[in-house]
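Notes follow once the structure below has been shown.
Labels below follow one simple rule: chain letters A, B, ... track the order of the sequence lines, proteins then strands, and each chain is numbered from 1. Keep in mind that what you see is a predicted model, and the values were worked out from it rather than measured.
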Amino acid sequence: MTAAIAPRLLRWAKRHGRHDLPWQRRSGSRNRIAYRVWVAEIMLQQTQVATVIPYFQRFMRAFPSVRALADAPLDDVLAHWSGLGYYARARNLHRAARLVRDEHRGRLPTQRAPLETLPGIGRSTAAAIVAQTDGQPEAILDGNVKRVLARYHAVPGWPGETAVARQLWTLAEQETPQRDVAAYTQAIMDLGATVCTRRRPGCETCPLAGDCQAYAAGRVGDYPGARPQRQKPQRRRVFAVLWNNAGKIMLTRRAPTGIWGGLWCLPEWPDEASCRDWLAGYGLTGTAEPLAPIEHAFTHFRLQLVPLQAVIRRPRRVADAASGDWYSLDAALRLGLPAPIRSLLASLQTQQQENQDGAHGALRKTG
DNA sequence: AAGCCGGGGAT
DNA sequence: ATCCCAGGCTT
């Protein structure tokens, strides 16, 4: 049996913990604080702190309260989430905000159980909210805590396995103190993020190294066990970069579920042939121009995006199921877009501006 | 229990 | 190129 880790973690965190994260601010009402912690916790799911911070700042400026978020259109929320990934988080957050507005009088529940009934809030996120806002002794188990506990107690196996996760939850509950829970929760996450890192851990400065079982065995790198690797399938999709005679580009809204759910996207086709067929039916007379393909990696597959660019002088067909709406590039870039599509449209915008600058330069030369 | 869901940082 | 990150939902 090992000693409790909480006292050492609390002492360590006082000096070395992170105390200036944007969602740690203590000013405002309890509900306002809980709202900020909630949004941060959702953004931080499978996303690193440094990535989240700018998104969090912009999100809070746009949606400063639960009610502001609930009253906003989903499109605005997705636009502010664009580039963060896991867009179900944004849809669930928005749905949950409306539930809080309509069924909880605009106040976030203060207990773990009712929080867990809201979409997007699981056990760990609910625990994080009540621990950080109210100091309730509820255990969290995120990636940092899993790593610290797996090493300290030398728990073998991949945490994705149910049995391993169950052990880690038990340990997390045992280590969570009855007081100073907010500080403890932050401390164990800070240790995992800055000292007990996945690779090259700083065991020399770790406050738990004295009785860390993985460290004692010289096997820190073996914990937690790695996910069994599987090879990812490769996919290839053709995307129509279709302009009309007004210089606007066609975008379609994707289905609410599945990959890039609810986001705006270029019309997507399984191959060039089907895309060209559709373009021909749309009134394209010339040939479509292939643009440079984009490689994009997901957790579970790789995607090659093949853009096919065309200009329609006089659209002759009424909109079909594959058709969408026309947007200027400026307007398009303000929508919720998948990251690679945003990248593609941004490069098109840069090209346009360079062409314009070139034209101005030429004009100036001749004039 | 296993698969799905993004994008980026670190190595 | 590979792994994984302040996980949760669906099947």
Look at the side chain of A:Thr299 against the base of B:dG6 and say whether a donor-acceptor pair falls under 3.5 Å; ignore hydrogens and angles.
-> yes

Would you kindly give the CD-to-C1' distance between A:Gln48 and B:dG7, to the nearest whole Å?
-> 10 Å

Taking the side chain of A:Gln45 as its heavy atoms from C-beta onward, which of C:dA6, B:dC4, C:dG8 lies nearest to it?
-> C:dG8

Kindly say whether, by distance alone, the side chain of A:Arg230 makes a donor-acceptor pair under 3.5 Å with the base of B:dA2?
-> no

Of the non-hydrogen atoms in A:Arg237 and A:Pro270, which two are nearest, and what is the gap between them?
-> CD-CA, 4.1 Å

Assert: residue with more 5' nearest nucleotide on DNA chain B, out of A:Pro340 and A:Glu161, is A:Glu161

Is the backbone N or O of A:Thr194 less than 3.5 Å from a side-chain atom of A:Thr197, with the two atoms forming a donor-acceptor pair by type?
-> no

State which of B:dG7, B:dA10, C:dA6 makes the closest approach to the side chain of A:Glu41.
-> C:dA6

With C1' as the reference atom in both, quote the distance from C:dC4 to B:dC5 in angstrom, rounded to an integer.
-> 15 Å

Can the ring centres of A:Tyr327 and A:Trp264 be said to be less than 6.0 Å apart?
-> yes

For A:Thr162 and for A:Ile259, locate the closest nucleotide of DNA chain B by heavy-atom distance; then report the residue assigned to the nucleotide nearer the 5' terminus.
-> A:Thr162

Which is true for A:Gln132 with a 4.0 Å heavy-atom rule: it touches a base, it touches only sugar-phosphate, or it touches nothing?
-> nothing

Answer yes or no: does a side-chain N or O of A:Trp23 lie under 4.0 Å from OP1 or OP2 of C:dA6?
-> no

Donor-acceptor pair (no angle test) under 3.5 Å: A:Thr47 side chain, B:dG6 base = yes

Under 4.0 Å between a side-chain N/O of A:Tyr87 and OP1 or OP2 of B:dG7, yes or no?
-> yes

Can you tell me, in whole Å, how much space there is between the C1' of B:dG9 and that of C:dG8?
-> 22 Å

Rounded distance (Å) that lies between atom P of B:dG6 and atom CG of A:Leu305 | 14 Å

Nearest-Å distance once atom C1' is located in both B:dG6 and C:dC3 | 15 Å

Does a side-chain N or O from A:Arg147 land closer than 4.0 Å to OP1 or OP2 of C:dC5, or not?
-> yes

Rounded to whole Å, the CZ-P distance (A:Arg254 to B:dC5) equals 10 Å

Can you tell me if the side-chain N/O atoms of A:Thr51 get under 4.0 Å from OP1 or OP2 in B:dG7?
-> no

Is any N or O donor-acceptor pair between the side chain of A:Gln46 and the base of C:dG7 shorter than 3.5 Å?
-> yes

So, does A:Asp190 use its side chain to make a donor-acceptor pair with the main chain of A:Gly17 at under 3.5 Å?
-> no

Using atom CG of A:Leu337 as one end and atom P of B:dG6 as the other, report the distance to the nearest whole Å.
-> 14 Å

Hey, does A:Leu21 reach any base, or is it just sugar-phosphate, or nothing, if we go heavy atoms under 4.0 Å?
-> base

A:Gly258 near the nucleic acid: base, sugar-phosphate alone, or nothing, with a heavy-atom cut-off under 4.0 Å?
-> sugar-phosphate

Nearest to the side chain of A:Phe298, which nucleotide is it out of B:dA10, B:dG7, C:dG7?
-> B:dG7

Atom CG of A:Asn144 and atom C1' of C:dC3 are separated, to the nearest Å, by 15 Å

A:Glu295 CD to C:dA1 C1', in whole Å, measures 13 Å

Report which part of the nucleic acid A:Leu84 touches: base, sugar-phosphate, or nothing (heavy-atom distance under 4.0 Å, all strands).
-> base

Heavy-atom nearest nucleotide on DNA chain C taken for A:Gly120 and for A:Arg198; more 5' hit belongs to A:Arg198

A:His296 side chain N/O closer than 4.0 Å to the phosphate oxygens (OP1, OP2) of B:dG6?
-> no

How many Å lie between OH on A:Tyr86 and P on C:dT10, as a whole number?
-> 15 Å

Under 6.0 Å between the ring centres of A:Phe59 and A:Tyr55?
-> no

Between the side chains of A:His153 and A:Glu175, is a donor N or O closer than 3.5 angstrom to an acceptor N or O?
-> yes

With distance as the sole criterion, is a donor-acceptor pair present between the side chains of A:Thr47 and A:Arg89 under 3.5 Å?
-> yes

In whole angstroms, the gap separating P of C:dC9 from CZ of A:Arg89 amounts to 13 Å

Sugar-phosphate only, base, or nothing, as touched by A:Ala128 at under 4.0 Å among non-hydrogen atoms | nothing

